[in-house]
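Comments concern the structure below.
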There are 2 protein chains.
Amino acid sequence: MIIRLDMQSDLPIYSQLMNQIIEGIASGELQPGEDLPSVRSLASDIGVNLHTINKAYTLLKQEGFIQIHRQKGVVINPDGMPGITPEYEQKQSEQLRPMIAEAICRSMSKERLLHIVSSIYEDISHAEKGNA
Amino acid sequence: MIIRLDMQSDLPIYSQLMNQIIEGIASGELQPGEDLPSVRSLASDIGVNLHTINKAYTLLKQEGFIQIHRQKGVVINPDGMPGITPEYEQKQSEQLRPMIAEAICRSMSKERLLHIVSSIYEDISHAEKGNA
DNA sequence: ACATCTGTTATATTTGTAGTATAACAGACA
DNA sequence: TGTCTGTTATACTACAAATATAACAGATGT
């Protein structure tokens, strides 16, 4: 899997990493049970410190996306992804609300907004893996 | 307008302020041309430093939501809100994408996601102002 | 003229997070 | 016995967030 980092972004590196791994899972590019690189190898691959990788992995583990086995390594959670918990629903609403408010301010119609969300949803779902 | 701040949030105070003002505009509670409190009075009202307020106001001005007049004060932009610029569309997509990816990971159907977005859109649009 | 309001600018300080740099520890495994 | 894994600890730099003061400049009202 190709990792792209934007060092100029206001998003921390570990957040960018988390986002890309989550999108990799969502697109099917990363399958449950699949291995992820070790903190050291990924760190040297993309040129950051191993603690930065470790932070991303630790947070992904806390949210249930991956499993970390002390001497084996890191895998996409083979027991499946976390579900739609009440805490997740609340977090999601809190994140969506300011974005939707700004869209309304800018006179974006509900239909147009829904179409954008729908397009991104399809774009991620239907992402092909280059090795078809 | 009632401002609610969560000092424990990971969101900076000035961001929370921006979000609430934008939602106030989106709901119609704040009308174009309407005055906003001065940096000093709002700061003392909600118990934060005036620079924190000033930062929120300055950013809102940069994005076109408000106007700042040097000796008069701050008003909701009477010339109307900023439109849907290409830069805005790109920023919006970049913000939506990780959230939608996580929703897909958690097996949230597109229909359910769209329904949530739609509900929040309606909730903000139809917010009544208590002084009906 | 004077006081008072407005936003603005400048400094300095404190606190917390992000990221890096090293080093060591502990368990698995060939 | 090495070598791999994640883990923990410490220290350091850099930066953002927030506060605390203070002063400046223009407009307004008395």
Side-chain angles (χ1 to χ4, degrees), chain A residues 1 3-21 30 33-79 95 98, chain B residues 1 3-21 30 33-79 95 98:
Chain A
M1 180 181 182
I3 301 288
R4 290 176 226 278
L5 293 185
D6 178 4
M7 294 307 189
Q8 313 309 320
S9 170
D10 53 338
L11 273 180
I13 297 175
Y14 74 88
S15 289
Q16 295 183 47
L17 248 170
M18 292 176 68
N19 286 341
Q20 295 199 28
I21 291 172
L30 296 175
E34 191 170 339
D35 283 346
L36 287 180
S38 74
V39 290
R40 286 180 178 80
S41 67
L42 183 51
S44 81
D45 274 3
I46 61 184
V48 300
N49 190 273
L50 99 175
H51 290 106
T52 306
I53 309 293
N54 190 250
K55 183 166 186 176
Y57 279 178
T58 302
L59 291 169
L60 286 170
K61 171 191 165 194
Q62 281 177 14
E63 298 183 21
F65 293 104
I66 65 177
Q67 286 183 357
I68 301 181
H69 299 285
R70 200 177 170 100
Q71 271 74 25
K72 293 181 179 178
V74 181
V75 297
I76 308 295
N77 195 333
D79 304 333
Q95 287 179 341
Chain B
M1 179 181 180
I3 301 288
R4 290 176 227 277
L5 293 185
D6 178 4
M7 294 309 190
Q8 312 309 319
S9 170
D10 52 338
L11 272 180
I13 297 175
Y14 73 88
S15 289
Q16 296 183 46
L17 248 171
M18 292 175 67
N19 288 340
Q20 295 200 28
I21 291 172
L30 297 175
E34 189 170 340
D35 283 345
L36 287 179
S38 75
V39 291
R40 286 179 178 81
S41 68
L42 183 51
S44 80
D45 274 3
I46 61 185
V48 300
N49 190 274
L50 97 175
H51 291 105
T52 305
I53 308 292
N54 191 250
K55 183 166 186 176
Y57 278 177
T58 301
L59 290 170
L60 285 170
K61 173 192 165 195
Q62 281 177 15
E63 298 182 22
F65 292 103
I66 64 177
Q67 286 184 357
I68 301 181
H69 299 285
R70 201 179 168 98
Q71 270 74 25
K72 294 181 178 178
V74 180
V75 297
I76 308 295
N77 195 333
D79 304 334
Q95 287 179 340

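In what follows, chains are A, B, ... by sequence order, proteins preceding strands, each numbered from 1.
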Taking five pairs at each terminus, the helix from dA1(C)-dT30(D) to dA30(C)-dT1(D) shows an axis bend, to 10°, of 10°
Between OH of Y14(A) and P of dG16(C) the distance, given in whole Å, is 16 Å
Outer limits of DNA chain D sitting under 4.0 Å from a non-hydrogen atom of chain B, read 5' to 3', are dA17(D) to dA27(D)
Name the atoms and distances for all side-chain donor-acceptor pairs under 3.5 Å in residues 69-76 of chain A, with sequence neighbours left out.
from   : atom 1 : to     : atom 2 : distance (Å)
H69(A) : NE2    : Q67(A) : OE1    : 3.1

Separation of dT4(C) atom C1' from K72(B) atom NZ, nearest Å, is 18 Å
Here the gap from I68(A) atom CD1 to N77(A) atom CG, rounded to the nearest 0.5 Å, amounts to 11.0 Å
Separation between CG (L36(B)) and CE (M1(B)), nearest 0.5 Å, reads 8.5 Å
The correct set of residues in residues 46-57 of chain B placing a heavy atom under 4.0 Å from DNA chain D is V48(B), N49(B), H51(B), T52(B), K55(B)
R70(A) CZ to dA26(C) C1', in whole Å, measures 6 Å
note: D10(A), atom CG; dT17(C), atom P; distance rounded to Å ~ 18 Å
Cut-off 3.5 Å, no hydrogens considered: what does the side-chain donor-acceptor table look like for residues 3-17 of chain B, sequence neighbours left out?
from   : atom 1 : to     : atom 2 : distance (Å)
D6(B)  : OD1    : Q8(B)  : N      : 2.8
D6(B)  : OD1    : S9(B)  : N      : 3.4
S9(B)  : OG     : L11(B) : N      : 2.8
Q16(B) : OE1    : D6(B)  : N      : 2.9
Q16(B) : NE2    : D6(B)  : O      : 3.0
Q16(B) : NE2    : L11(B) : O      : 3.0

Determine all donor-acceptor pairs shorter than 3.5 Å in which one atom belongs to a side chain in residues 48-66 of chain A; sequence neighbours excluded.
from   : atom 1 : to     : atom 2 : distance (Å)
N49(A) : OD1    : H51(A) : N      : 2.9
N49(A) : OD1    : H51(A) : ND1    : 2.8
Y57(A) : OH     : P37(A) : O      : 2.8
T58(A) : OG1    : N54(A) : O      : 2.7

